[in-house]
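Worksheet: one structure, shown below.
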Amino acid sequence: MISYLEFEKPVAELEQRIAELRAAAEGDDVDISNELQRLELKSSALLTSTYETLTPWQKTQVARHPSRPHFRDYVEYAFDEFVPLGGDRSYGEDEAILGGFAKLDGRKVVLIGHEKGNDTASRLRHNFGMGKPEGYRKAIRLMELAGRFDLPVVTLVDTSGAFPGVEAEERGQAEAIARSTEACLALPVPMVAAIVGEGGSGGAVALASAERVLMMEHAVYSVISPEGCASILWRTAEKAPDAAEAMKVTAQDLEGLGVIDRIVAEPVGGAHRDPRAAATSLGDAIAEELDKLGRHSADEHKRMREERFLRIAG
(Lines give C-alpha, C1' and ligand atoms only; values in the text may rest on other atoms or scores of the structure.)
Protein backbone atom coordinates (compact mmCIF):
# COMPACT_ATOMS: atom_id res chain seq x y z
CA MET A 1 0.00 0.00 0.00
CA ILE A 2 1.33 3.41 -1.02
CA SER A 3 1.93 5.99 1.70
CA TYR A 4 1.05 9.43 0.33
CA LEU A 5 2.86 12.65 1.08
CA GLU A 6 0.96 15.84 1.88
CA PHE A 7 1.35 17.33 -1.59
CA GLU A 8 0.10 14.07 -3.16
CA LYS A 9 -3.41 14.35 -1.67
CA PRO A 10 -5.15 15.10 -5.02
CA VAL A 11 -3.48 12.01 -6.53
CA ALA A 12 -4.43 9.96 -3.48
CA GLU A 13 -8.09 10.95 -3.80
CA LEU A 14 -8.18 9.93 -7.46
CA GLU A 15 -6.44 6.61 -6.83
CA GLN A 16 -8.81 5.89 -3.94
CA ARG A 17 -11.77 6.58 -6.23
CA ILE A 18 -10.32 4.19 -8.82
CA ALA A 19 -9.88 1.47 -6.18
CA GLU A 20 -13.45 1.94 -4.97
CA LEU A 21 -14.83 1.66 -8.50
CA ARG A 22 -12.86 -1.52 -9.13
CA ALA A 23 -14.14 -3.03 -5.89
CA ALA A 24 -17.74 -2.06 -6.69
CA ALA A 25 -17.48 -3.53 -10.19
CA GLU A 26 -16.48 -6.99 -8.98
CA GLY A 27 -19.31 -9.39 -9.67
CA ASP A 28 -21.40 -6.61 -11.21
CA ASP A 29 -22.66 -6.72 -14.80
CA VAL A 30 -22.36 -2.94 -15.19
CA ASP A 31 -19.52 -1.97 -17.56
CA ILE A 32 -17.49 0.87 -16.01
CA SER A 33 -14.31 0.27 -18.01
CA ASN A 34 -14.59 3.60 -19.80
CA GLU A 35 -14.95 5.51 -16.55
CA LEU A 36 -12.04 3.60 -15.02
CA GLN A 37 -9.85 4.34 -18.02
CA ARG A 38 -10.74 8.03 -17.86
CA LEU A 39 -9.86 8.24 -14.17
CA GLU A 40 -6.64 6.28 -14.61
CA LEU A 41 -5.48 8.61 -17.38
CA LYS A 42 -6.39 11.61 -15.25
CA SER A 43 -4.53 10.17 -12.25
CA SER A 44 -1.44 9.37 -14.32
CA ALA A 45 -1.39 12.87 -15.84
CA LEU A 46 -1.84 14.48 -12.41
CA LEU A 47 0.97 12.38 -10.91
CA THR A 48 3.29 13.28 -13.78
CA SER A 49 2.55 17.02 -13.59
CA THR A 50 2.93 16.98 -9.79
CA TYR A 51 6.38 15.38 -9.93
CA GLU A 52 7.54 17.62 -12.77
CA THR A 53 7.05 20.70 -10.60
CA LEU A 54 8.27 19.58 -7.18
CA THR A 55 9.81 22.24 -4.95
CA PRO A 56 13.14 21.53 -3.20
CA TRP A 57 11.26 20.92 0.06
CA GLN A 58 8.89 18.46 -1.63
CA LYS A 59 11.88 16.65 -3.13
CA THR A 60 13.33 16.43 0.36
CA GLN A 61 10.13 14.74 1.51
CA VAL A 62 10.30 12.30 -1.41
CA ALA A 63 13.95 11.53 -0.60
CA ARG A 64 12.85 10.64 2.94
CA HIS A 65 9.77 8.62 1.92
CA PRO A 66 9.49 5.59 4.26
CA SER A 67 8.94 3.24 1.31
CA ARG A 68 11.85 4.55 -0.74
CA PRO A 69 14.29 1.75 -1.71
CA HIS A 70 17.36 1.48 0.49
CA PHE A 71 20.67 -0.35 0.30
CA ARG A 72 19.25 -3.87 0.65
CA ASP A 73 16.65 -3.17 -2.04
CA TYR A 74 19.33 -2.04 -4.49
CA VAL A 75 21.38 -5.13 -3.65
CA GLU A 76 18.37 -7.34 -4.41
CA TYR A 77 17.32 -5.67 -7.65
CA ALA A 78 20.57 -4.36 -9.21
CA PHE A 79 23.43 -6.52 -7.92
CA ASP A 80 24.26 -10.23 -7.84
CA GLU A 81 26.12 -12.55 -5.48
CA PHE A 82 26.41 -10.05 -2.63
CA VAL A 83 28.73 -11.31 0.12
CA PRO A 84 28.47 -9.07 3.20
CA LEU A 85 31.54 -8.35 5.30
CA GLY A 86 31.15 -7.01 8.83
CA GLY A 87 33.14 -5.36 11.58
CA ASP A 88 35.86 -2.73 11.71
CA ARG A 89 38.44 -5.06 13.36
CA SER A 90 38.70 -2.53 16.18
CA TYR A 91 35.44 -2.02 18.04
CA GLY A 92 32.42 -3.75 16.51
CA GLU A 93 29.82 -3.97 13.78
CA ASP A 94 27.74 -0.98 12.66
CA GLU A 95 24.62 -1.96 10.72
CA ALA A 96 23.97 1.60 9.56
CA ILE A 97 26.73 1.10 6.98
CA LEU A 98 26.78 -2.21 5.10
CA GLY A 99 29.25 -3.52 2.57
CA GLY A 100 30.87 -6.46 0.90
CA PHE A 101 31.68 -8.05 -2.44
CA ALA A 102 29.08 -8.08 -5.22
CA LYS A 103 28.65 -8.32 -8.96
CA LEU A 104 27.17 -5.65 -11.19
CA ASP A 105 26.43 -6.64 -14.78
CA GLY A 106 28.98 -9.45 -14.43
CA ARG A 107 31.67 -7.14 -13.00
CA LYS A 108 33.07 -7.78 -9.50
CA VAL A 109 32.86 -4.74 -7.22
CA VAL A 110 33.13 -3.76 -3.60
CA LEU A 111 29.74 -2.33 -2.61
CA ILE A 112 29.28 -0.05 0.43
CA GLY A 113 26.28 1.97 1.53
CA HIS A 114 23.95 3.28 4.20
CA GLU A 115 20.92 1.22 5.23
CA LYS A 116 18.00 2.98 6.93
CA GLY A 117 15.68 -0.01 7.41
CA ASN A 118 12.05 -0.35 6.31
CA ASP A 119 10.09 -0.82 9.53
CA THR A 120 10.42 0.16 13.17
CA ALA A 121 12.54 -2.82 14.21
CA SER A 122 14.93 -2.62 11.25
CA ARG A 123 15.23 1.17 11.47
CA LEU A 124 16.32 0.85 15.07
CA ARG A 125 18.75 -1.94 14.20
CA HIS A 126 20.26 0.13 11.38
CA ASN A 127 20.15 3.33 13.45
CA PHE A 128 18.17 5.07 10.68
CA GLY A 129 21.24 4.98 8.43
CA MET A 130 23.31 7.20 10.74
CA GLY A 131 26.77 5.70 10.76
CA LYS A 132 29.01 5.48 13.82
CA PRO A 133 32.84 5.50 13.80
CA GLU A 134 33.00 1.72 13.47
CA GLY A 135 30.80 1.94 10.36
CA TYR A 136 33.15 4.36 8.64
CA ARG A 137 36.17 2.34 9.74
CA LYS A 138 34.51 -0.73 8.22
CA ALA A 139 34.10 1.24 5.00
CA ILE A 140 37.81 2.10 5.08
CA ARG A 141 38.66 -1.57 5.55
CA LEU A 142 36.54 -2.53 2.55
CA MET A 143 38.08 0.21 0.39
CA GLU A 144 41.53 -1.07 1.28
CA LEU A 145 40.42 -4.57 0.24
CA ALA A 146 39.17 -3.15 -3.05
CA GLY A 147 42.55 -1.57 -3.71
CA ARG A 148 44.37 -4.76 -2.80
CA PHE A 149 42.28 -6.93 -5.14
CA ASP A 150 41.93 -4.30 -7.89
CA LEU A 151 38.14 -4.08 -7.63
CA PRO A 152 36.10 -0.94 -8.36
CA VAL A 153 34.18 0.61 -5.46
CA VAL A 154 30.49 1.50 -5.62
CA THR A 155 28.84 3.41 -2.77
CA LEU A 156 25.13 4.07 -2.19
CA VAL A 157 24.64 7.12 0.01
CA ASP A 158 21.43 7.57 2.01
CA THR A 159 21.82 9.21 5.40
CA SER A 160 20.58 12.30 7.19
CA GLY A 161 24.10 12.50 8.64
CA ALA A 162 26.56 10.61 10.80
CA PHE A 163 25.30 9.63 14.27
CA PRO A 164 25.75 12.63 16.63
CA GLY A 165 25.59 10.73 19.93
CA VAL A 166 28.09 11.13 22.76
CA GLU A 167 29.34 7.55 22.40
CA ALA A 168 30.15 8.15 18.72
CA GLU A 169 32.15 11.26 19.61
CA GLU A 170 33.96 9.32 22.33
CA ARG A 171 35.01 6.72 19.76
CA GLY A 172 36.32 9.32 17.30
CA GLN A 173 33.48 10.12 14.92
CA ALA A 174 35.14 13.12 13.28
CA GLU A 175 38.43 11.26 12.80
CA ALA A 176 36.65 8.25 11.28
CA ILE A 177 34.72 10.43 8.83
CA ALA A 178 37.88 12.29 7.82
CA ARG A 179 39.82 9.08 7.29
CA SER A 180 36.97 7.55 5.28
CA THR A 181 36.95 10.62 3.02
CA GLU A 182 40.74 10.31 2.71
CA ALA A 183 40.42 6.61 1.84
CA CYS A 184 38.00 7.47 -0.98
CA LEU A 185 40.39 10.06 -2.42
CA ALA A 186 43.36 7.71 -2.20
CA LEU A 187 41.73 4.71 -3.90
CA PRO A 188 43.85 3.29 -6.76
CA VAL A 189 40.71 1.82 -8.40
CA PRO A 190 37.60 3.35 -10.01
CA MET A 191 34.95 4.68 -7.61
CA VAL A 192 31.34 5.62 -8.39
CA ALA A 193 29.10 7.07 -5.68
CA ALA A 194 25.33 7.40 -5.94
CA ILE A 195 23.12 9.58 -3.72
CA VAL A 196 19.97 7.46 -3.61
CA GLY A 197 17.97 9.28 -0.93
CA GLU A 198 19.36 11.78 1.54
CA GLY A 199 22.98 12.87 1.32
CA GLY A 200 23.53 14.62 4.61
CA SER A 201 26.70 16.38 5.76
CA GLY A 202 30.05 14.69 6.35
CA GLY A 203 28.31 11.38 6.92
CA ALA A 204 27.49 11.38 3.21
CA VAL A 205 30.74 12.89 1.90
CA ALA A 206 32.73 10.17 3.69
CA LEU A 207 31.30 7.65 1.21
CA ALA A 208 30.82 9.98 -1.76
CA SER A 209 34.28 11.39 -2.51
CA ALA A 210 34.44 9.60 -5.85
CA GLU A 211 35.50 10.63 -9.34
CA ARG A 212 31.91 10.11 -10.53
CA VAL A 213 28.93 11.08 -8.36
CA LEU A 214 25.40 10.21 -9.44
CA MET A 215 22.10 11.27 -7.90
CA MET A 216 18.65 9.79 -8.16
CA GLU A 217 16.20 12.28 -9.66
CA HIS A 218 14.44 13.07 -6.37
CA ALA A 219 17.39 12.66 -3.99
CA VAL A 220 18.86 15.57 -2.00
CA TYR A 221 22.45 16.35 -1.01
CA SER A 222 23.48 19.08 1.43
CA VAL A 223 25.88 20.10 4.17
CA ILE A 224 23.03 20.30 6.71
CA SER A 225 19.34 19.39 6.73
CA PRO A 226 16.86 22.13 5.75
CA GLU A 227 15.45 21.99 9.28
CA GLY A 228 18.91 22.41 10.78
CA CYS A 229 19.71 25.32 8.49
CA ALA A 230 16.37 26.99 9.28
CA SER A 231 16.92 26.56 13.02
CA ILE A 232 20.26 28.36 12.74
CA LEU A 233 19.25 31.17 10.39
CA TRP A 234 15.64 31.79 11.42
CA ARG A 235 15.58 30.16 14.85
CA THR A 236 12.69 27.93 13.75
CA ALA A 237 12.47 24.68 11.79
CA GLU A 238 9.22 25.92 10.25
CA LYS A 239 11.35 27.80 7.71
CA ALA A 240 12.72 24.51 6.36
CA PRO A 241 11.00 24.94 2.95
CA ASP A 242 12.73 28.32 2.53
CA ALA A 243 16.04 26.83 3.60
CA ALA A 244 15.71 23.95 1.11
CA GLU A 245 15.12 26.49 -1.67
CA ALA A 246 18.14 28.60 -0.71
CA MET A 247 20.50 25.68 -0.14
CA LYS A 248 20.20 24.19 -3.65
CA VAL A 249 19.77 20.65 -2.38
CA THR A 250 18.21 19.01 -5.44
CA ALA A 251 19.92 16.87 -8.04
CA GLN A 252 19.01 19.39 -10.73
CA ASP A 253 20.60 22.28 -8.82
CA LEU A 254 23.71 20.30 -7.96
CA GLU A 255 24.24 19.10 -11.51
CA GLY A 256 24.12 22.73 -12.63
CA LEU A 257 26.69 23.65 -9.97
CA GLY A 258 29.00 20.80 -10.99
CA VAL A 259 28.76 19.05 -7.61
CA ILE A 260 27.35 15.88 -9.18
CA ASP A 261 27.92 14.41 -12.63
CA ARG A 262 24.71 12.64 -13.60
CA ILE A 263 21.04 12.42 -12.67
CA VAL A 264 19.38 8.98 -12.77
CA ALA A 265 15.69 9.13 -13.68
CA GLU A 266 13.16 7.66 -11.26
CA PRO A 267 9.79 6.08 -12.07
CA VAL A 268 6.96 8.62 -12.29
CA GLY A 269 5.90 9.33 -8.73
CA GLY A 270 9.28 8.53 -7.19
CA ALA A 271 11.45 5.46 -6.64
CA HIS A 272 9.11 4.21 -3.91
CA ARG A 273 6.39 3.52 -6.50
CA ASP A 274 8.59 1.03 -8.37
CA PRO A 275 11.78 0.14 -6.46
CA ARG A 276 12.78 -2.54 -8.95
CA ALA A 277 12.67 -0.14 -11.91
CA ALA A 278 14.55 2.52 -9.92
CA ALA A 279 17.26 0.04 -8.92
CA THR A 280 17.60 -1.26 -12.47
CA SER A 281 18.06 2.27 -13.82
CA LEU A 282 20.69 3.04 -11.20
CA GLY A 283 22.52 -0.24 -11.80
CA ASP A 284 22.67 0.46 -15.54
CA ALA A 285 23.98 4.00 -14.94
CA ILE A 286 26.69 2.82 -12.52
CA ALA A 287 27.77 0.09 -14.95
CA GLU A 288 28.10 2.68 -17.73
CA GLU A 289 30.24 4.92 -15.54
CA LEU A 290 32.48 2.04 -14.49
CA ASP A 291 32.98 1.14 -18.16
CA LYS A 292 34.23 4.68 -18.80
CA LEU A 293 36.49 4.72 -15.74
CA GLY A 294 38.03 1.32 -16.42
CA ARG A 295 40.38 2.77 -19.01
CA HIS A 296 42.34 4.87 -16.49
CA SER A 297 45.40 4.07 -14.36
CA ALA A 298 45.59 4.23 -10.54
CA ASP A 299 47.34 7.62 -10.65
CA GLU A 300 44.74 8.96 -13.05
CA HIS A 301 41.88 7.93 -10.73
CA LYS A 302 43.49 9.81 -7.85
CA ARG A 303 44.17 12.85 -10.02
CA MET A 304 40.60 12.87 -11.35
CA ARG A 305 39.21 12.97 -7.81
CA GLU A 306 41.65 15.66 -6.73
CA GLU A 307 40.83 17.83 -9.74
CA ARG A 308 37.12 17.24 -9.30
CA PHE A 309 36.97 18.50 -5.72
CA LEU A 310 39.40 21.35 -6.27
CA ARG A 311 37.21 22.48 -9.15
CA ILE A 312 34.13 22.47 -6.90
CA ALA A 313 35.99 24.42 -4.21
CA GLY A 314 37.50 26.84 -6.69
Side-chain angles (χ1 to χ4, degrees), residues 60 63-64 70-72 84-100 110-117 120-147 153-187 191 193-210 213 215 219-233 237 240 243 247 249 259 305 309 312-313:
T60 302
R64 296 171 176 173
H70 298 133
F71 181 85
R72 290 189 181 278
L85 299 174
D88 67 345
R89 301 298 186 267
S90 178
Y91 179 83
E93 166 69 340
D94 178 12
E95 293 199 58
I97 297 177
L98 304 179
V110 169
L111 178 63
I112 308 169
H114 300 94
E115 173 58 56
K116 286 185 172 181
T120 302
S122 63
R123 285 172 190 144
L124 290 171
R125 184 171 71 253
H126 295 291
N127 200 34
F128 300 88
M130 295 186 293
K132 297 178 181 178
E134 48 272 23
Y136 291 103
R137 290 179 181 129
K138 174 171 62 178
I140 295 168
R141 184 170 73 85
L142 295 180
M143 285 186 244
E144 289 173 348
L145 278 176
V153 173
V154 174
T155 60
L156 306 180
V157 176
D158 188 11
T159 181
S160 58
F163 184 61
V166 172
E167 64 269 35
E169 297 299 335
E170 289 174 342
R171 296 198 294 273
Q173 182 72 292
E175 181 265 353
I177 289 172
R179 290 198 179 276
S180 182
T181 305
E182 180 186 39
C184 291
L185 296 172
L187 271 172
M191 180 178 181
I195 316 299
V196 298
E198 287 185 278
S201 193
V205 174
L207 296 186
S209 298
V213 180
M215 271 185 82
V220 293
Y221 192 21
S222 61
V223 70
I224 190 174
S225 70
E227 295 94 331
C229 176
S231 296
I232 293 170
L233 295 182
M247 291 165 62
V249 300
V259 174
R305 290 184 208 116
F309 287 98
I312 292 172

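Because the structure is predicted, anything quoted here is derived from the model rather than measured. The residues of the chain are indexed from 1 along the displayed sequence.
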Short side-chain to backbone donor-acceptor contact, [X] and [Y], under 3.5 Å:
X	Y	answer
Thr181	Ile177	yes
His70	Gly117	yes
Thr155	Gly113	no
Glu93	Gly86	no
Tyr136	Ile97	no
His114	Gly203	yes
Thr159	Gly129	yes

Minimum heavy-atom separation for [X] to [Y], with atom names?
X	Y	value
Ala206	Met143	O-CE, 4.4 Å
Ala176	Ile140	O-CD1, 4.1 Å
Pro226	Ala240	CB-O, 3.6 Å
Phe71	Ile112	CE1-C, 3.7 Å
Ala208	Ala193	CA-CB, 3.7 Å
Gly199	Val157	CA-CG1, 4.2 Å

Checklist outcome for this item: The side chain to side chain contact (heavy atoms under 4.5 Å, CB included) partner of Pro133 among Arg171, Lys138, Glu170 is Arg171
Next on the checklist: Among Glu134, His126, Arg137, exactly one meets side chain to side chain contact (heavy atoms under 4.5 Å, CB included) together with Asp94. Which residue is that?
Outcome noted: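 Exactly one pass, corresponding to Glu134.
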Checklist entry - Looking at Glu182 and Arg179, does any basic side-chain N land under 4.0 Å from a carboxylate oxygen? => result yes
Is [Y] close to [X] at the side-chain level, that is, under 4.5 Å between some pair of heavy atoms?
X	Y	value
Val205	Tyr221	yes
Met247	Val220	no
Arg141	Asp88	no
Val213	Val259	no
Ile232	Ile224	yes
Ser225	Arg64	yes
Phe309	Ser209	yes

Item to check | Pairs satisfying salt bridge (Lys or Arg N to Asp or Glu O under 4.0 Å), at least one member in residues 120-129, at least two apart | outcome: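 Qualifying pairs, neighbours excluded: Glu95-Arg125.
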Item to check | Residues forming a side-chain hydrogen bond (donor to acceptor under 3.5 Å, both in side chains) with Lys116, sequence neighbours excluded | outcome: Asp158, Glu198
Checklist entry - How long is the span from the CD atom in Glu144 to the CG atom in Leu187, to the nearest 0.5 Å? => result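 Here the rounded value is 9.5 Å.
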Next on the checklist: If you apply the rule side-chain contact (heavy atoms from CB on, under 4.5 Å), what do you find for Arg305 with Cys184, and how did you get there?
Outcome noted: CA-CA 9 Å; Arg305 290 184 208 116; Cys184 291; 5.6 Å; no
